[in-house]
Participant: 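Please find one structure pasted underneath; my questions will follow.
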Amino acid sequence: MTEAPAPYAVHVDQVHKRFQDNHVLKGISLHARPGEVLSIIGASGSGKSTLLRCINHLVVPDQGEIHIGHEVLRSRHNRRGEAITADPKLLEKVRARLGMVFQNFNLWSHRSVIENVMEGPVHVKGIASQQARQYAHELLTKVGLEHKADAYPNELSGGQQQRVAIARALAMDPEVLLFDEPTSALDPEMVGEVLRVIRALAQEGRTMILVTHEMRFARDVSNQVFFMHNGVIEENGAPERLFTQPQSVRLQQFLSPCV
Ligand code: ADP
Ligand code: MG
């Protein structure tokens with residue numbers, strides 16, 4: 001019998017996270033249907049990165065569940081009372097279905113661009129090198145960097161490095177892409193080239209969760225926008241409504257410099 005498709009690609013269910021006395025996530029829930037783009041906005045320190053990292057258990061929630069399709073990532077506590085992932089085997093399997101792109105690219109500096117893109121498929125998925133190389137070339141073409149295949153990361157601009165990081169995430173054929181402020185470390189003239197790539201992925205129908213300070217972009221590409229404040233989702237909704245008629249005073253204050 002085949003399983004019915006899961007209604008949500010990602011479902012974050014009542015997630016809490018504390019760092020010592022700092023209660024950073026206070027019962028966060030959200031979900032993305034397949035093909036949806038969610039954006040998370042909010043002031044620095046509001047918990048956006050922690051939330052995104054909870055989705056792949058880079059940060060293990062103290063409470064709450066992460067559903068990726070039919071799979072459920074749960075936490076348990078070790079003897080010292082630290083939250084750890086309940087099922088490491090399951091986590092490994094689920095992580096292969098999630099691509100993550102960080103603010104600071106995190107490329108392997110001693111490997112060429114093409115090697116960076118091939119790394120996951122070859123070492124994690126066990127795909128033959130020849131086949132992985134061919135796919136990596138296709139992905140580099142897609143992000144406009146085929147001509148840089150043999151360059152090293154430090155020979156590239158920040159915008160180019162981030163496009164390589166996106167190609168590297170795509171190489172694993174992830175069901176969901178997570179972006180943590182992918183353009184925040186870039187000089188202004190390089191922001192556009194990275195946003196164009198992300199926009200094209202949204203138009204392909206990729207499921208994405210994006211933490212961003214690019215309000216105009218969030219408004220254009222998202223199905224839903226979530227405004228975080230002090231570890232809670234203070235307000236969420238369709239982008240047109242959220243940006244033009246913010247209900248919460250905090251969101252109004254957050255958005256006021258933009259208009
Ligand atoms: P944002 O991405 O919205 O700027 P973060 O999720 O990075 O916010 O941080 C939220 C809060 O959690 C901050 O107070 C930050 O100092 C704290 N925090 C984040 N990661 C850690 C960590 N690994 N250890 C301790 N505190 C952390
Ligand atoms: Mg952050």
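Order of appearance sets the numbers: ligands from 1, and atoms from 1 within every ligand.
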Participant: Is there a side chain to side chain contact (heavy atoms under 4.5 Å, CB included) between S29 and V12? Walk through the geometry before answering.
Facilitator: CA-CA 5 Å; S29 296; V12 173; 5.7 Å; no
Participant: Enumerate the protein residues lying less than 4.0 Å from ligand 1, judged by heavy-atom distances, in chain and residue-number order.
Facilitator: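 Only F19, N22, V24, A43, S44, G45, S46, G47, K48, S49, T50 have heavy atoms that fall under 4.0 Å of ligand 1, ordered by chain and number.
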Participant: Take a 6.0 Å sphere around CD of Q134 and say whether it holds more than 12 heavy atoms from other residues, nucleotides or ligands.
Facilitator: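 Not more than 12 within 6.0 Å, no.
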Participant: Closer than 2.8 Å to the Mg ion (ligand 2), how many protein N/O/S atoms do you count?
Facilitator: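 Atoms of protein N, O or S type lying less than 2.8 Å from the Mg ion (ligand 2) total 1.
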Participant: Quick one, R168 with E119, criterion salt bridge (Lys or Arg N to Asp or Glu O under 4.0 Å). Give me CA distance, side-chain angles, the key distance, then yes/no.
Facilitator: CA-CA 8 Å; R168 182 180 58 176; E119 165 85 22; over 6 Å; no
Participant: Just jot down the salt bridge (charged side-chain N to carboxylate O under 4.0 Å, His left out) partners of R80, sequence neighbours excluded, or say none.
Facilitator: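 Here the qualifying residues are E82.
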Participant: Which pair of heavy atoms, one from I28 and one from L51, lies closest together, and at what distance?
Facilitator: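 Nearest pair, atom of I28 first, then L51: CG2-CD1, 3.7 Å.
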Participant: Taking the side chain as C-beta and beyond, is there a heavy-atom pair between L145 and V113 under 4.5 Å?
Facilitator: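 Not in contact.
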Participant: Quick check: are there more than 12 heavy atoms from other residues, nucleotides or ligands sitting under 6.0 Å from CD of Q247?
Facilitator: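 Buried by this count: over 12 neighbours within 6.0 Å.
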Participant: Who are the salt bridge (charged side-chain N to carboxylate O under 4.0 Å, His left out) partners of E175, not counting sequence neighbours?
Facilitator: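 Testing E175 for salt bridge (charged side-chain N to carboxylate O under 4.0 Å, His left out), a comparison that skips the adjacent residues, returns R97.
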Participant: What residue among E235, M228, H229 forms side-chain contact (heavy atoms from CB on, under 4.5 Å) with R250?
Facilitator: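 The passing option is H229.
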